[in-house]
Number of protein chains: 2
Amino acid sequence: MEKLKKHVSVKDEDQFYHQGAVELLVFNFLLILTILTIWLFKTHRFRFLHETGGAMLYGLVMGLIIRYVTKASDVESGTVYECEKLKSGPSTLLLNITNQVYEYQYKGEINHHNVNGHQGNAMLQKMTFDPSIFFNILLPPIIFHAGYSLKKRHFFRNLGSILTYAFLGTAISCVVIGLIMYGFVKAMVHTGQLQQWEFHFTDCLFFGSLMSATDPVTVLAIFHELHVDTNLYTLLFGESVLNDAVAIVLTYSITIYSPKENPNAFDAAAFFQSVGNFLGIFAGSFAMGSSYAVVTALISFMHLTKFTKLCEFPMLETGLFFLLSWSAFLSAEAAGLTGIVAVLFCGVTQAHYTYNNLSQDSKLRTKQLFEFMNFLAENVIFCYMGLALFTFQNHIFNPLFIFGAFVAVFVARACNIYPLSFLLNLGRKQKIPRNFQHMMMFSGLRGAIAFALAIRDTDSQSKQMVFTTALLIVFFTVWVFGGGTTPMLTWLQIRVGVDPDEDLKAQAASQSASNLDKNTTKAESAWLFRIWYGFDHKYLKPILTHAGPPLTTTLPDWCHPIARLLTSPRAYGDQLKDGDTDYIINNDELTENYEPSAHIPTPAQGNTGSTQATGKEDIHEGDLGLGGYKLQLQRTAGQPQMHSLA
Amino acid sequence: MEKLKKHVSVKDEDQFYHQGAVELLVFNFLLILTILTIWLFKTHRFRFLHETGGAMLYGLVMGLIIRYVTKASDVESGTVYECEKLKSGPSTLLLNITNQVYEYQYKGEINHHNVNGHQGNAMLQKMTFDPSIFFNILLPPIIFHAGYSLKKRHFFRNLGSILTYAFLGTAISCVVIGLIMYGFVKAMVHTGQLQQWEFHFTDCLFFGSLMSATDPVTVLAIFHELHVDTNLYTLLFGESVLNDAVAIVLTYSITIYSPKENPNAFDAAAFFQSVGNFLGIFAGSFAMGSSYAVVTALISFMHLTKFTKLCEFPMLETGLFFLLSWSAFLSAEAAGLTGIVAVLFCGVTQAHYTYNNLSQDSKLRTKQLFEFMNFLAENVIFCYMGLALFTFQNHIFNPLFIFGAFVAVFVARACNIYPLSFLLNLGRKQKIPRNFQHMMMFSGLRGAIAFALAIRDTDSQSKQMVFTTALLIVFFTVWVFGGGTTPMLTWLQIRVGVDPDEDLKAQAASQSASNLDKNTTKAESAWLFRIWYGFDHKYLKPILTHAGPPLTTTLPDWCHPIARLLTSPRAYGDQLKDGDTDYIINNDELTENYEPSAHIPTPAQGNTGSTQATGKEDIHEGDLGLGGYKLQLQRTAGQPQMHSLA
């Protein structure tokens, strides 16, 4: 009543006092509920609904409440106004209404059949937040964290397979989904459900590419908790991390693929341009991400005579680390590249170089900070996905399209995993067994990336149909496949409760006897990688970190003046502790296995290195048990989880 | 070129690919620059420009660049369109333009004379972000951190003075500024610079209230670094923290003060309603904030038989802590109360109760997290203030008004500090000396809160003039007063390099001889506070934390069944370590001084307690030197700062 007295409109008052607070409060409430649920699940070792599934469920219920309980507050906004003078939609519109100028900002196009859906429910409007928030704020910490916490040792051991699944597999999946969907679209046009011009083959490929991004969150969380076989874990983790990057660049390339005449006809020039785009964008993003990390490493490493070292100010160091990593993402986006790819490789590079230079305090701070941000961002995204089903106002549910999409997604996953695994097994010493392949097939969950790519553009009718369908596939896969992970593991008789270092220890033991095993590992990895490792160890690490041999010993004689400038004084003293610095977050045994200066290490050397690695990882993961099927108190990622496996 | 081919407008494409990334990148870049500058300043012990001043300067330069280098991209948006059919501005506007429906969202009113200023520079548009982001996202961590890191011991010792300055002082300041401004406005009306109806007395009071919020950031950072006398530090810190809360509630009360007829006439009913509003909102916000903290304490304290304790999952604990504290803010805002007040007292209560229940890991995590968020948010706000001078498009520079405001602000500060100090000195045992008063007068910087309150509403011409003037006062005070802090300290001969525990030690020493000093401290504090302390110690702490005597001993006999239920099993065992738990983040000596069960402690007791306190604080602050004017390596807040004072 008080508020109505003023001549300013009621809306203004409202905006002034709690603009945005209610919507944020809804999310806070959902997250608090989710955390309490996780707590409940963790204490009861309940694994049939993962936290992400729970977050989604709460979001769904909240969306239902918001949709059907809150009233349409602003009746007028359902009406469409005509403005003859306007020829196109400007980004900012100044309107003179009853002699007062109002400012309006462009939000998007609305399809005619959805106009009535815009009943002017302000709450619904506010809950559907800007997709750019996803891309610029919520996704980067998740992807960065994936890169920053990459288990390098196992990752590089399976590098070939991971790259195959990620690049070739995603391409196969994209094309297969695109083709199947094109068949369904043709059928829909035939039955009159769709106009020919509404859905091109490129739209089908667009759908294919965004649906090819698999989400590791749910499955990997369970794998991690259950200590599933490390090779399977690494294959899935590596695949899903890189595959996100590939799928995003693919989606982007497809969006800018624009054949000149008939959009359905194949235009070779445009196609090759798209392939070129793909490669260019991927390489550019990779370069962008790595350079930011290298800059961070250099700044944190710098020992200018007039400066106190940055590591004496952990807060500044953490801040700079955080900002530069985020800038890698934003710069890539601003330059028309893909931020996700940039931030992923930025994370990997930061872990490889910068982490070594950080103060002890900053190491802990950055780790905990990114872990926390990852946790929050992940749960926000899943809550939002749940909400979106009811709060998003432009849904188009087309049963045939949805059915087709489900078929396509599963067929495409099968076409990705089984043939590629067969091919890879031809080359691999350590084969990928049948049950691993089934598990990988089963783990093809769709999650945050697919959702984010779909919500980024919901202007046209075809894009709205794509969004609705993608959302339903995410729901289904997260709940059904995510929930079925534990039973599936049991059913496929996949080893759980494995100590990640068990094989390493076995290897170390066999190394003491013979050097065969070492050569096996060596042969498994690509020669390209060995060259890179040598270069990295000899030149990059000494320049960017305190580790490695001093440059003065690795560079040719005529470079010595430069070498002396670039070498940290600590490099000379720390030469003996060199191996240490390679065990970054997740120490890897590469130093041992690819040490170029010691081709045939003595048994003693091999032993020491491995024990060192194992000891370190033990501290990191804090295992009390040493693997097998016994009760373990795990402290990884700061969250101890009690579990025993029946 | 590629982009122009599509029939969708170019804007869409742009939005799709790097919407928001450029703007965020600008901020990241500014923050990185600021951090590098802080680093430079810290190593050179340069104190004439504080980091906040630096951030503001960079923002200013960047704003200048954005304003004059980027071009007006969207020419059309400068035009005002007429829409006869619309009678008022709906929040969402659907426009049919050339047979396509576009959605527009309401942004605000624009004054006629500012329409031309809207030249449609999209970059400027984007850089001026939503004021609700300030209120809901950037301010809460800063205020929470202030509450969470409150030095309780010194705070409570000066409670009376702090409350006087904060409540009475702010009210005086608000009224004085309001009156002086009203004089200037009258003069402006007289000279024809302003229309009578454009600026009411309530607008003057509104300006007065928002200009009464002093900002502690810059001065206190320097004080902290220089180890300025703890009493002065506490007085200023306490005043500026509480004064923000008071100023915000005052501003709110003035905005909803709406006399029915003539806005210039004094309406007693409306006035008392405003006073009632003020008290109600303050009390309500206080209650809201504390309840959230109590809920957090209870959850983290709970030991349900079927639950693993929450402190076994530090990540969940930290998450819950973070979300519940933020929810305190958001709930208060959503309920029409003041979030800042709620989150401030939430922080204080969290530090008092919840902190005790947290696991060691979470204690560190929460401290570092809030510290980091505080650091980032603060620098973002100051960068943004710098930016706003050139990017905000509705500035109204009125020289007379600005001159009046400068005069008013300084006169008001003098009317606040000197008379109140005189009155307080009548009652205080330990007087506030003249040089402290001058320093407090000099430290009346205006900062984030004043800016945030001013930017929250810039719809009308009077509000735009207020905003511009407030911004200029912030610039002036932060640069001139902030930069002059160190010379001023020297000039006023204020002790620096003081060990915060020095007086405590002196006290402990004198206590061993006699108990006089203890009684002095006791007499200084209010009787109300002693009663509260007793209640807190006997009932609240045992219920909410593991500390204090078991409830079974403090509650009357007939309550024993309930008491036994509510008492932590640890409370019995930990009885001896009770004093320990009071030394939360910044341990306080209250346990010693206000221990109700031991009215006349033996000298030994007094000694032990104080030594304990000192020892603890030493660990926290990591002082290597024991005070005085010697070189100290300080590690407070995780940032070691080397400094020696000439």
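Note: hydrogens, waters and symmetry copies are ignored here, and every other heavy atom, side chains too, is used. Numbers restart at 1 for each chain; the letters A, B, ... are given by sequence-line order, proteins then strands.
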Original post:
Roughly how far, to the nearest 0.5 Å, is the CZ atom of A:Phe27 from the OG atom of B:Ser327?
Top reply: 13.0 Å
Original post:
B:Leu324 versus chain A, heavy atoms under 4.5 Å apart: side chain, backbone, both or neither?
Top reply: both
**OP:** May I ask you to test the A:Phe322-B:Asn28 pair for a side-chain heavy-atom distance under 4.5 Å?
**Re:** no
Original post:
How about B:Leu364 and A:Leu364: do any of their side-chain heavy atoms sit closer than 4.5 Å?
Top reply: yes
Original post:
Is the closest side-chain heavy-atom distance between B:Phe375 and A:Leu316 below 4.5 Å?
Top reply: yes
Subject >> B:Ile299/A:Trp39 under side chain to side chain contact (heavy atoms under 4.5 Å, CB included): CA gap, chis, key distance, verdict >> reply: CA-CA 11 Å; B:Ile299 290 176; A:Trp39 180 22; 3.9 Å; yes
**OP:** Flag the pair B:Arg365 / A:Arg365 as yes when at least one side-chain heavy-atom distance between them is below 4.5 Å, and no otherwise.
**Re:** no
Original post:
Looking at A:Asn379, A:Ile137, A:Ile32, which has the largest count of heavy-atom pairs under 4.5 Å with chain B?
Top reply: A:Ile32
**OP:** Examine whether an atom of B:Phe135 lies under 4.5 Å from a heavy atom of chain A, and if so say whether it belongs to the side chain, the backbone or both; otherwise answer neither.
**Re:** neither
Original post:
What are the two closest heavy atoms between B:Asn136 and A:Ala21, and how far apart are they?
Top reply: ND2-N, 3.6 Å
**OP:** Starting at CE of A:Met315, measure out to CZ of B:Phe372 and round the result to the nearest 0.5 Å.
**Re:** 7.5 Å
**OP:** May I ask you to test the B:Leu320-A:Leu31 pair for a side-chain heavy-atom distance under 4.5 Å?
**Re:** no
**OP:** Would you give the length of the straight line joining atom CG of A:Leu369 to atom CD of B:Gln368, rounded to the nearest 0.5 angstrom?
**Re:** 9.5 Å
Original post:
Given that the side chain runs from C-beta out, which part of B:Leu376 has a heavy atom under 4.5 Å from chain A: side chain, backbone, both or neither?
Top reply: side chain
Subject >> Nearest-0.5 Å distance that lies between atom CD1 in A:Ile35 and atom CZ in B:Phe313 >> reply: 12.5 Å
